[in-house]
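So the structure is just underneath, and the comments pick up after that.
Order of the sequence lines sets the chain letters (A, B, ...), proteins ahead of strands, with each chain counted from 1.
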Amino acid sequence: MSVKSIQMHYPIKTIALAVGISIALSACVGIRPVAPSGTPMSRTSNLALGNPSGAGSNDPNNYLISRPQYVLSFSRDRGLANWVSWVLSPVWKGDARRTNDFRPDLSLPQGWYAAKPSDYTNTGFDRGHLCPSDDRDATPEDNAATFLLSNIVPQAPRHNREVWKNVEEYGRQLMEMGNDVFIIAGASGGGGTGQNGYATSLAGGKLTVPATLWKILVVVPRGTDATFMVTENTRVIAVNIPNTQAAADKPWRAYVTTVDALEQLTGYDFLSNVPTNVQRIIEARIDGGAS
DNA sequence: CTGACTTCC
DNA sequence: GGAAGTCAG
C-alpha cells in the first residue's frame with residue numbers, strides 16, 4: 001500500500017460479492033468470519049502482486065515491457081529499468097546453460113538509447129542482472145531473455161558477485177524449500193562506487209549508475225492450485241543495498257528493510273493486489289531472512 | 001568461446 | 001571442490 005495514497009484496489013462489484021459471501025457464510029456457520037485473506041492471484045503471472053509504478057505505454061520513463069520471462073518498467077532518461085518483476089518457481093528452472101548473450105534490447109521504441117555491451121567495458125562496473133540468469137534456465141530462450149541489457153544495470157562488482165548474489169541464492173533456496181517466490185527488484189537514485197571509483201553515469205551520460213539496488217521477495221508455499229493468497233502471515237523479505245564495493249563488507253541480512261521504506265524511497269505502491277488490511281501488516285514488518 | 005578470477009557454501 | 005557471479009582477450 002502506498003504511503004501517499006490509500007486507493008480502491010477492487011471494483012465495487014467484487015466487494016459487494018465478497019460481502020455477500022461473508023454474510024452467507026456467517027449465516028451458515030453462525031460465527032463472525034475471520035479477516036479476509038484476499039483474492040486469488042495467479043501463480044504464473046510475473047505481475048501477480050501488482051504493477052508498482054502503474055507502468056504503461058504513455059510515460060517514457062515508466063514504460064512497460066512485458067515478456068514471458070519477466071515484466072519490467074523502463075526509464076528512457078536513465079537508460080535502465082526502474083524495476084523488474086518475476087516469479088521464481090520450479091517451472092522456470094532447468095538445465096539450460098548460461099547463454100552470456102548480453103545484447104541491446106531492440107524492442108525499445110525508436111530513437112531511445114539501447115545500452116550496448118561495450119558501454120560497460122573497462123568502466124569498473126559489472127553488467128548486473130535484475131532478473132538473474134539463474135532464475136530463468138528452463139530453456140535457452142528463457143535464459144537469453146535475462147541478458148537483454150534492459151534487464152541489466154551498472155553494478156559495483158563486489159556488490160554483484162557477493163552480497164547481491166547471496167540475496168539471489170537465498171531466493172532460490174526458498175524455492176527449493178517448497179515455495180514460489182514473487183520477486184520485484186529495482187535500481188534507485190544515481191551515483192555508485194565501482195572498481196575505478198565513484199561514477200554517476202556510463203556511456204557519456206546515457207546510462208545512470210544507480211545509488212542502490214533493492215529487492216522484495218514474497219514467499220508463497222507451493223500448491224497444486226493455479227492460484228494463491230497473500231495473508232498477514234506471508235513472509236516478505238525486503239533489502240536495499242548501496243551500489244558500492246564496500247557494501248559487500250556486510251552480509252545481505254544487514255540490509256533488510258520494510259516494503260514501506262522502499263515505497264518511500266521509490267514512490268511506488270508495492271503489492272497493490274493484496275488487500276489493504278494485509279498490506280498494512282506485511283509492508284511494515286522486517287523479515288530478517290531466517291532460514 | 002575459452003580461461004581466469006573471486007567468494008561463498 | 002562446486003556453484004554462481006563475472007571479466008578480458
Checklist entry - Nearest to the side chain of A:Asp126, which nucleotide is it out of C:dA8, C:dG5, C:dT6? => result C:dT6
Next on the checklist: Among A:Asp142, A:Asp137, A:Asp135, which residue satisfies the side chain to side chain donor-acceptor pair (under 3.5 Å) criterion with A:Lys93?
Outcome noted: A:Asp137
Next on the checklist: Using whole Å, what does the distance between atom P of nucleotide C:dT6 and atom CD of A:Glu169 come to?
Outcome noted: 11 Å
Checklist entry - In terms of ring plane angle, is the pair A:Phe74 and A:Trp112 parallel, tilted or perpendicular, where the classes change at 30° and 60°? => result parallel
Checklist entry - Does the ring centre of A:Phe270 sit less than 6.0 Å away from the ring centre of A:Trp214? => result yes
Checklist outcome for this item: Exactly one candidate in A:Met177, A:Met175, A:Glu176 meets side-chain contact (heavy atoms from CB on, under 4.5 Å) with A:Asn179; the answer is A:Met177
Checklist entry - Reckon A:Arg98 has a side-chain N or O less than 4.0 Å from the OP1 or OP2 of C:dT6? => result yes
Checklist entry - Starting at OH of A:Tyr120 and ending at P of C:dA8, how long is that distance when rounded to a whole Å? => result 13 Å
Item to check | Rounded interatomic separation in angstrom, taking CD from A:Glu162 and C1' from C:dT6 | outcome: 12 Å
Next on the checklist: Quick check for you: name the first and last nucleotides of DNA chain B, 5' to 3', having an atom under 4.0 Å from a heavy atom of chain A.
Outcome noted: B:dT7 to B:dC8
Next on the checklist: Does C:dG5 have OP1 or OP2 under 4.0 Å away from a side-chain N or O of A:His159?
Outcome noted: no
Next on the checklist: Nearest whole Å is fine: how far is C:dG5 P from A:Arg136 CZ?
Outcome noted: 13 Å
Checklist entry - Reckon A:Arg158 touches a base, only the sugar-phosphate, or nothing at all at heavy-atom distances under 4.0 Å? => result nothing
Item to check | Length of the CG-C1' vector between A:Asp135 and C:dA4, whole Å | outcome: 12 Å
Checklist entry - Can a donor-acceptor pair be found between the side chains of A:Asn62 and A:Ser73 at a distance below 3.5 Å? => result yes
Item to check | Proximity of A:Tyr120 and A:Phe102 rings by center, below 6.0 Å | outcome: no
Checklist entry - Atom CZ of A:Arg127 and atom C1' of C:dC7: how far apart are they, to the nearest Å? => result 8 Å
Next on the checklist: For A:Asp95, I'd like to know if atom CG has over 12 heavy atoms of other residues, nucleotides or ligands within 6.0 Å.
Outcome noted: no
Checklist entry - Taking CG from A:Asn122 and P from C:dT6, how many angstroms apart are they, rounded to a whole number? => result 17 Å
Item to check | d(CG, A:Asp134; C1', C:dA3) in whole Å | outcome: 9 Å
